[in-house]
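Chain letters run A, B, ... following the sequence lines, proteins first and then strands; every chain starts at 1. Just so you know, these numbers come straight off a predicted model, no measurement behind them. Values reported hereafter were calculated over all heavy atoms of this structure, with side chains retained and with hydrogens, waters and symmetry mates removed.
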Number of protein chains: 2
Amino acid sequence: MFESLPFVSVCQSSADAEKLNIFAALQNFYARKGALHVVEIVSNLQRKFKALWTYTVNLKQLSEYLNLSQTTVSRALNGYPEVNENTRNRVLKAAQDLNYRPNTRAKGLATGRALAIGHVIPVSNQHEMVNPVFGDFIAGAGEAYARAGYDMMLTLVPDQEEVRAYQDIKARGTVDGIIVHGPVINDERIALLLRIGLPFVVHGRSTDVNLPYSWIDVNNRGAFERGTQFLIELGHRRIALLNGLEHMDFAFRRRKGYENALRNHGMSPDPALMRSEEMTEVYGYRAAKEMLARDLPPTAFVCSSIITAIGVRRAVHEAGLVLARDVSIITHDDALSYLENGDDVPIFTALRSSVRYAGGEAAEMLLSLIASPKHAPKSRLLEAELIIGRSTGPAST
Amino acid sequence: MFESLPFVSVCQSSADAEKLNIFAALQNFYARKGALHVVEIVSNLQRKFKALWTYTVNLKQLSEYLNLSQTTVSRALNGYPEVNENTRNRVLKAAQDLNYRPNTRAKGLATGRALAIGHVIPVSNQHEMVNPVFGDFIAGAGEAYARAGYDMMLTLVPDQEEVRAYQDIKARGTVDGIIVHGPVINDERIALLLRIGLPFVVHGRSTDVNLPYSWIDVNNRGAFERGTQFLIELGHRRIALLNGLEHMDFAFRRRKGYENALRNHGMSPDPALMRSEEMTEVYGYRAAKEMLARDLPPTAFVCSSIITAIGVRRAVHEAGLVLARDVSIITHDDALSYLENGDDVPIFTALRSSVRYAGGEAAEMLLSLIASPKHAPKSRLLEAELIIGRSTGPAST
DNA sequence: GAATCACTCCAAAGCGCTTTGGATGTTTGA
DNA sequence: TCAAACATCCAAAGCGCTTTGGAGTGATTC
């Protein structure tokens, strides 16, 4: 009997949205005739059809289907008050049924907002390394964006082209604001972005920039001062610092903290025990190996990354020494999901601060900045937690 | 003398684009009067002004500035032939001068293309871990996109909402195609995306899906077969496998490779020596610690991740054993930039395949798929390289 | 009974771009 | 010499949405 019904033509029709319209029309038609069993059949077919096909309608089609103007439908969907509640419900149901999704580009063009946030990652030619912290930061931020209905855009910017790139981002209008990653000392981008007028939040800060801008950062100086002091109190006197690249603001601050702690205890930093490089495992291994071979080797290491700390551990083992007994290690720990520092008992004594949490907070901050642009810049200083693990002990030598 | 010139008003004018117009007008004005030194002055001012301010014009303003229609300007900029070469050059110069950038949303709306690629990262509630591979993959892909003028969008999709999310992506029209990350065995997303008609490339493959789709993958089975065989040839008989989660396709294939190698040499896989978990350091440590405490401990480990291998190394040291002499480790190595496996001498004997390279290739593949949608799906199988490092040696026991 | 008001709804303009379908003048070919 | 064939350019429509400025009802007010 199915062949005799008009739905055969439905299935041959080309546009999906049209098919759905026809299904609806069929139901109306038979309903008006009182042929409820046929309505039932059509409705079942429609359901199966829906499960199988993936169609989409636009506002115009939706409004035609509803016999309403686009204005009313748009208002109903966006929660404006000048719509009858019955009408609104009809609209919402139809939008659901017809699988309506507003086109982002059109919406953006009409409203002037992009409903997207950009993440700008500086890539330099010399240092090909991708910041390992990035994935977790993004994960934290992504959740916040998703909740707010924002998209997330990524842009890799070669550091020679920064000015051009940021102008581009602003002018092309693909995002409403950006998160600035990897700030260096005296970072030019901040002044640039303020001038351009693109809302932004810096993940980190920039020493020597005296402009009002929004940021979220870990108290790197404080953390490293605390960590170094912890080692000093355990009796360590020769404490090495394996830092990240010190043109990066975070690394600069960590060195300051380290030096502060030494000076506060009447010691002065020994350049021979201080390194500043890309924070890899091999870097930690090599630096530690060299230093441990000195006449007066360090008895403790302060590392800027858990990966570097792993390298130090390798060197310590290789030298036949025992961690915590012969050599102590304390490291910064970004609480990366794939590099957890042990579980109940931490492997390394660490200064821990979740970068994922920071990502979420940075996102929230930026979103609220975009929502109320007149507000003064916000900032947030996170404290790293000192976690006692099994990599530190009293100085032996 | 400057105060007497009209440019004072220029600097008070509000719209930046307008200012530039006035500068240009000023120059024309004085040029026509023959006052070339004033033209010079204005031009200098303009240059300084440009360096300091960041303005942007849209097509309309640009075309008014040029006394041309928007049509002609658009065509000139997009390389259409029906424009006089002189006109085109004038347009290009003006676009440069006025710092014109086409609005992406408008362009996208008009052309129907988004000039953006989406990366969809499944996030599950149970496994909060962010794939450490992701950053490097993105870095590789990002370069390819930048070259082609594409943007990159990130979407975190909770795995319960997959169907909805992908429909959304298609309907909202923010991207022209997507890269699918983290395929599992019999991954539903592939059929879904084919039905939706959104171009995509899978990073990895999906066993049991017999549909034509595009993918790029490492020969995981082959690599692990090779690696295991390498250990067998060194005399190892009790070889443990510390795999990733085996509902993930890559892990499933790795197990197959491992088992193949064993069987090919008349051995059968021992469930007690096989684990499948999220690939963390602690996982490697714990599993190795337990296994090494057995009556007949394994003499070698095959790991799915360098991070896990590091955990195994820790357990080996802690047990007072020596790597390569007492226990061998071979691991998969994604050649992550922040987790390099040593330098000249690799730390671990490894099956190496650069995920960054894969990212670049995946991106190129997707872009060409979008450029010519009629083409058949493409695929690419990358071979992992066996790198002999210092973590393997002949079986001792 | 006219004026006001609240409630619903709509037509049309506009966001910034591309693209169609000419219009205008200039060469070319037989 | 006249039509056909370029070579250049433009006006206007359209992409899918929001939003302005009403219009058309009844109901309420004075």
Spacing between B:Arg90 atom CZ and D:dT8 atom P, to the nearest angstrom: 14 Å
B:Tyr166 and its side-chain hydrogen bond (donor to acceptor under 3.5 Å, both in side chains) partner, picked from B:Glu188, B:Arg195, B:Arg189: B:Arg189
Residue-phosphate contact under 4.0 Å: A:Thr87 side-chain N/O, C:dT8 OP1/OP2: no
Nearest-Å distance for atom pair CD/P, residues A:Gln61 and D:dC15: 11 Å
Heavy-atom protein contacts under 4.0 Å, nucleotides 16-25 of chain C, coded B base, S sugar-phosphate only, - none: BBBBBB----
Polar side chain donor-acceptor pair, A:Arg101 to A:Asn103, under 3.5 angstrom: no
Polar contact flag, side-chain donor to acceptor under 3.5 angstrom, A:Arg88-A:Asn86: no
Donor-acceptor side-chain pairing of B:Ser69 and B:Thr72 below 3.5 angstrom: yes
Between P of D:dT8 and CD of B:Glu85, the distance in whole Å: 9 Å
Atom pair CD1 (B:Ile117) and CE (B:Met153), whose distance is rounded to the nearest 0.5 Å: 11.0 Å
Spacing of B:Glu64 atom CD relative to D:dA11 atom P, expressed in whole Å: 12 Å
Distance, nearest 0.5 Å, that separates OH of B:Tyr100 from CG of B:Leu59: 4.5 Å
Protein-nucleotide distance (B:Asn84, atom CG; D:dT8, atom P), rounded to Å: 5 Å
